[in-house]
Asks: 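Would you mind keeping the following structure in view while I ask a few things?
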Amino acid sequence: MKRNRIFPLLMAASLIVLPACLGDSEGSDYSEWRALNQAYYDSIEMANVDGVLQYVPITPVWDNSFTVLMHWHNDPDENPSYVMPLSTSTCVVKYTLTNIQGDTLDSSASFTCVPNNMVTGFMAALTNMRVNDTVTAVVPYTAGYGTYGYSSILPYSTLIFGIRLDSITSLF
């Protein structure tokens, strides 16, 4: 008998709560932020005045649903190292993470990581670098923290990583 009284109450509560959870993300407080981040990502100049590519689009073979834009600050052809990390390698990197407004969100002078434990865009960038490379990697929100964000990183944020790959301590 108690069961028959509780069920309608649960149904009524779910009809009130469920639509709020399933709300359209386009109508959220972040729709303007999403548009700004997408416009920033789309407007990055791919070539400088000389016609040389400033950012190289990198689409990983293991996930072609996104593209990371990378700019090398050193000449990769003159880098004596041919060692590139695997997704399971242990890497030591220096990095700075900023948003499109130039706010520093995170940084580390010496950070040990395994690429496949990082956000997807960071992993794509890192596995395309060689030891001693320094890059700026522009990561779309779909390969970053997505529609949820993380800590001080808002949902739909385009991430800008400054990365230097110092060493690879393990290849397996």
Side-chain angles (χ1 to χ4, degrees), residues 30 33-34 36-172:
Y30 298 107
W33 179 247
R34 178 182 187 179
L36 286 171
N37 278 267
Q38 189 61 50
Y40 174 84
Y41 182 82
D42 291 342
S43 71
I44 292 177
E45 293 289 327
M46 293 293 202
N48 64 17
V49 179
D50 300 332
V52 177
L53 285 177
Q54 183 171 350
Y55 284 92
V56 177
I58 302 291
T59 303
V61 295
W62 40 266
D63 186 352
N64 62 4
S65 68
F66 68 92
T67 299
V68 173
L69 302 176
M70 293 180 64
H71 172 74
W72 274 261
H73 297 282
N74 60 295
D75 186 350
D77 295 331
E78 293 181 12
N79 186 343
S81 174
Y82 292 101
V83 179
M84 297 173 76
L86 302 172
S87 63
T88 56
S89 298
T90 301
C91 304
V92 177
V93 299
K94 293 177 184 167
Y95 77 92
T96 301
L97 169 61
T98 59
N99 62 17
I100 64 168
Q101 297 172 323
D103 301 326
T104 300
L105 304 172
D106 194 15
S107 66
S108 178
S110 181
F111 179 67
T112 302
C113 66
V114 176
N116 66 3
N117 290 339
M118 306 301 292
V119 295
T120 309
F122 190 92
M123 179 172 95
L126 196 55
T127 56
N128 279 281
M129 295 173 66
R130 294 187 276 179
V131 174
N132 298 321
D133 276 349
T134 302
V135 303
T136 297
V138 181
V139 177
Y141 79 90
T142 55
Y145 291 101
T147 61
Y148 297 101
Y150 178 77
S151 188
S152 64
I153 302 169
L154 297 176
Y156 303 106
S157 290
T158 295
L159 306 174
I160 303 164
F161 286 99
I163 309 169
R164 176 175 167 78
L165 177 56
D166 286 333
S167 65
I168 301 171
T169 58
S170 167
L171 294 177
F172 301 101

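Sequence positions, counted from 1, serve as the residue numbers for this chain. Keep in mind it's a predicted model, so treat the numbers as computed, not measured. Heavy atoms only: backbone and side chains are in, while hydrogens, waters and symmetry mates are out.
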Asks: Could you report the tightest heavy-atom contact between P155 and Y148, atom names first, then the distance?
Replies: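 Minimum heavy-atom separation between P155 and Y148: CG-O, 3.6 Å.
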Asks: Listed by chain and number, what are the ring-ring contact (aromatic ring centres under 6.0 Å, His included) partners of H73, not counting sequence neighbours?
Replies: H71
Asks: Enter the distance from S110:OG to K94:NZ here, rounded to the nearest 0.5 Å.
Replies: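 That separation rounds to 7.5 Å.
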Asks: How far apart are the C-alpha atoms of V131 and I168, what are their side-chain angles, what is the distance that settles it, and do they pass the side chain to side chain contact (heavy atoms under 4.5 Å, CB included) test?
Replies: CA-CA 7 Å; V131 174; I168 301 171; 3.9 Å; yes
Asks: I'd like to know if the side chain of S89 and the backbone of C91 have a donor-acceptor N/O pair within less than 3.5 Å.
Replies: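 Checking the backbone N and O of C91 against the side chain of S89, no donor-acceptor pair under 3.5 Å is found.
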Asks: Indicate yes or no: at least one non-hydrogen side-chain atom of W72 is less than 4.5 angstrom from one of D77.
Replies: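 They are not in contact (no side-chain heavy atoms under 4.5 Å apart), so the answer is no.
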Asks: Under 3.5 Å, side chain of S157 to main-chain N/O of L159, donor-acceptor pair present?
Replies: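 It does not hold such a pair.
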Asks: Is the ring centre of Y145 less than 6.0 Å from the ring centre of Y150?
Replies: yes
Asks: Without swapping roles, check the side chain of N37 against the backbone of T158 for a donor-acceptor pair under 3.5 Å.
Replies: yes
Asks: Between D133 and R130, is there a donor-acceptor pair closer than 3.5 Å when you use the side chain of the first and the backbone of the second?
Replies: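 Side chain of D133 to backbone of R130: a pair is present.
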Asks: Going through the distances and angles, do F161 and T96 end up as a side chain to side chain contact (heavy atoms under 4.5 Å, CB included)?
Replies: CA-CA 6 Å; F161 286 99; T96 301; over 6 Å; no
Asks: To the nearest 0.5 Å, how far apart are CE in M118 and CZ in F111?
Replies: 4.0 Å
Asks: Could you go through the side chain to side chain contact (heavy atoms under 4.5 Å, CB included) check for I153 and L97 one step at a time?
Replies: CA-CA 10 Å; I153 302 169; L97 169 61; 3.8 Å; yes
Asks: Within a strict 4.5 Å, meaning less than it, do heavy atoms of the Y55 and T136 side chains meet?
Replies: yes
Asks: Has the side chain of R164 got a donor or acceptor atom that lies under 3.5 Å from a matching backbone atom of N132?
Replies: yes
Asks: Check whether any side-chain heavy atom of P60 lies under 4.5 Å from a side-chain heavy atom of F66, and answer yes or no.
Replies: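 They are in side-chain contact.
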Asks: If you take all heavy atoms of P115 and M123, which pair is closest and at what distance?
Replies: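 Taking every non-hydrogen atom into account, O-CB, 3.3 Å.
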Asks: About how many Å separate OG1 of T98 and CG of D103, when rounded to the nearest 0.5 Å?
Replies: 8.5 Å
Asks: For M70 versus A125, what's the shortest heavy-atom pair and its separation?
Replies: CE-O, 3.5 Å
Asks: Run the side chain to side chain donor-acceptor pair (under 3.5 Å) check on N79 and S81 step by step: do they pass?
Replies: CA-CA 5 Å; N79 186 343; S81 174; 4.7 Å; no
Asks: Can any side-chain N or O of N74 pair as donor or acceptor with the backbone N or O of T134 at less than 3.5 Å?
Replies: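 Between the backbone of T134 and the side chain of N74 there is a qualifying donor-acceptor contact (under 3.5 Å).
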Asks: According to side chain to side chain donor-acceptor pair (under 3.5 Å), who are the partners of S151, at least two apart in sequence or on a separate chain?
Replies: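 S151 satisfies side chain to side chain donor-acceptor pair (under 3.5 Å) with no other residue.
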Asks: Between T59 and T67, is a side chain to side chain donor-acceptor pair (under 3.5 Å) present by the stated rule, with each step listed?
Replies: CA-CA 5 Å; T59 303; T67 299; 2.7 Å; yes
Asks: Quick check: closest heavy atoms across M129 and L165, and the distance to 0.1 Å?
Replies: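 That closest heavy-atom pairing would be CE-N, 3.8 Å.
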Asks: Rounded to the nearest 0.5 Å, what separation is found between the OH atom of Y95 and the CZ atom of F122?
Replies: 7.0 Å
Asks: Do the non-hydrogen side-chain atoms of N99 and Y40 ever get within less than 4.5 Å of each other?
Replies: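 Side chain of N99 against side chain of Y40, heavy atoms only: no contact under 4.5 Å found.
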Asks: How far apart are the closest heavy atoms of G121 and V139, and which atoms are they?
Replies: CA-CG1, 3.7 Å
Asks: For C113, does its backbone N or O pair with a side-chain atom of N117 as donor and acceptor, under 3.5 Å?
Replies: no
Asks: Looking at T169 and T90, would you say the former's side chain and the latter's main chain have a donor-acceptor pair under 3.5 Å?
Replies: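 Confirmed, T169 side chain pairs with T90 backbone.
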Asks: What are the two closest heavy atoms between L105 and S152, and how far apart are they?
Replies: CD2-OG, 4.0 Å
Asks: Can you tell me how far CD of Q38 sits from CD1 of I100, rounded to the nearest 0.5 angstrom?
Replies: 10.5 Å
Asks: Could you check I44 against V138 for side chain to side chain contact (heavy atoms under 4.5 Å, CB included), going step by step and ending with a plain yes or no?
Replies: CA-CA 9 Å; I44 292 177; V138 181; 3.6 Å; yes
